[in-house]
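As the structure lists them, so they are numbered: ligands from 1, and atoms in each ligand from 1. Sequence positions, counted from 1, serve as the residue numbers for this chain.
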Amino acid sequence: MIIILFGPPGAGKGTQAQRIEKNHGLVQLSTGDMLRAAVAAKTHYGQKAQEKMQAGQLVSDDIVIGIIADRIKEDDCKNGFILDGFPRNVAQAKALDVMLSEEGVKLDAVVQMEVDDEALVDRISGRYTCANCNEGYHDTNLKPKVDGVCDVCGSTEFKRREDDNAETVGKRLKEYYAQTAPVLPYYAEKGILQQVDGMAAIDDVTAQINAVLSA
Ligand code: AMP
């Protein structure tokens with residue numbers, strides 16, 4: 001199964017993608033995570049992407065399309081994958097169609113996570129992850145069970161994304177509405193767009209997504 005988790009920054013795509021990965025055996029492909037890894041490793045692509053990411057702008061299509069085209073050819077993607085953060089504009093959506101048809105596979109569903117704008121800023125500015133296993137937390141909505149200790153791996157090291165600050169969040173939301181939201185009609189026309197209520201509790205959102213995937 002191949003699905004896209006679609007929604008603005010802070011909608012919960014990463015959290016839900018991790019859960020789908022565990023429950024359905026699909027691989028999470030997050031272009032944001034891949035780009036952050038490239039930035040940390042100071043690769044050629046990473047250096048080109050870094051400035052745009054810090055400014056809350058989209059990285060060039062060539063880079064992200066190239067990254068996804070290479071990644072979906074790997075063995076672990078053969079059972080299916082969840083795209084998280086890709087495509088982010090119509091050109092990327094069209095490029096994805098070409099890649100998938102070259103691989104002889106098709107997109108099963110695009111799951112749009114609907115969240116109010118006010119909630120997004122709060123979600124993004126309070127979120128952080130375990131530096132070891134990447135489990136996600138939030139300052140007020142999702143604290144670890146024991147203060148300062150990761151529930152999953154016991155690590156006491158946590159990290160915050162550089163672009164999760166109030167100024168950059170505003171720019172990322174603008175980019176979403178200008179460039180990414182126009183992808184929705186593209187998938188609606190294909191009859192594969194489904195909505196879930198991203199404002200619901202995390203477990204409820206997972207249940208809604210599971211219902212879409214088993215339909
Ligand atoms: P994310 O982790 O999905 O919020 O992405 C973080 C940043 O990486 C974005 O603000 C963009 O600068 C960049 N990025 C991630 N995915 C894409 C994409 N598909 N196209 C262009 N830029 C992207």
Side-chain angles (χ1 to χ4, degrees), residues 2-18 20-21 27-72 77 81-100 107 110-113 115 117 119-131 134-138 159-184 186-187 198:
I2 298 173
I3 64 163
I4 295 175
L5 275 191
F6 200 97
K13 301 187 295 294
T15 304
Q16 295 298 334
Q18 283 176 354
I20 303 168
E21 183 171 62
V27 183
Q28 176 192 11
L29 302 184
S30 157
T31 39
D33 284 350
M34 294 175 202
L35 289 166
R36 280 184 287 280
V39 170
K42 296 190 164 56
T43 66
H44 175 65
Y45 283 155
Q47 281 167 343
K48 282 173 97 172
Q50 187 170 24
E51 205 176 305
K52 294 278 184 196
M53 293 172 78
Q54 278 171 348
Q57 293 168 355
L58 294 189
V59 171
S60 79
D61 288 346
D62 292 359
I63 293 181
V64 286
I65 291 168
I67 289 176
I68 288 293
D70 289 345
R71 185 68 183 83
I72 65 172
C77 289
F81 48 87
I82 314 144
L83 291 163
D84 157 12
F86 182 92
R88 258 186 160 91
N89 59 29
V90 175
Q92 292 180 17
K94 289 185 174 166
L96 177 65
D97 283 346
V98 174
M99 288 175 217
L100 295 181
L107 189 55
V110 178
V111 181
Q112 180 191 1
M113 302 177 64
V115 181
D117 276 3
L120 295 173
V121 177
D122 171 64
R123 284 186 184 191
I124 295 177
S125 33
R127 72 184 177 181
Y128 62 97
T129 54
C130 171
N134 225 21
E135 183 71 4
Y137 297 98
H138 187 278
K159 59 181 191 225
R160 285 179 197 264
R161 279 172 48 171
E162 257 183 63
D163 59 347
D164 277 352
N165 57 71
E167 193 198 342
T168 313
V169 170
K171 290 183 185 153
R172 285 159 63 199
L173 280 175
K174 270 196 191 143
E175 286 282 82
Y176 174 78
Y177 286 111
Q179 307 217 42
T180 309
V183 178
L184 290 167
Y186 180 79
Y187 289 124

K.L.:
Taking the side chain from Arg123 and the backbone from Ala11, do they hold a donor-acceptor pair closer than 3.5 Å?
P.N.:
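The answer is yes, because a donor-acceptor pair under 3.5 Å joins these two groups.
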K.L.:
Might you list the protein residues in contact with ligand 1, defined as having a heavy atom under 4.0 Å from one of its atoms, sorted by chain and number?
P.N.:
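Those residues closer than 4.0 Å to ligand 1 by some heavy atom are Thr31, Gly32, Leu35, Arg36, Met53, Gln57, Leu58, Val59, Val64, Gly85, Phe86, Arg88, Gln92, Arg161, Asp163, Arg172.
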K.L.:
Under a plain distance cut-off of 3.5 Å, with no hydrogens placed, do Tyr186 and Asp97 share a side-chain donor-acceptor pair?
P.N.:
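Asp97 vs Tyr186: donor-acceptor pair found between side chains.
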K.L.:
Under 4.0 Å between a side-chain nitrogen and a carboxylate oxygen: does that hold for Asp164 and Arg172?
P.N.:
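Yes, charged N to carboxylate O under 4.0 Å.
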K.L.:
Please check if the side chain of Thr31 supplies one atom and the backbone of Gly85 the other of a donor-acceptor pair under 3.5 Å.
P.N.:
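Yes, Thr31 side chain to Gly85 backbone: donor-acceptor pair under 3.5 Å.
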K.L.:
Please determine whether a side-chain nitrogen of the Lys or Arg among Glu175 and Lys171 lies less than 4.0 Å from a carboxylate oxygen of the Asp or Glu.
P.N.:
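The answer is no: the pair does not qualify as a salt bridge.
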K.L.:
Decide salt bridge (Lys or Arg N to Asp or Glu O under 4.0 Å) for Asp33 and Arg36; before the verdict, give the C-alpha distance in whole Å, the side-chain angles of both, and the deciding distance to 0.1 Å.
P.N.:
CA-CA 5 Å; Asp33 284 350; Arg36 280 184 287 280; 2.9 Å; yes
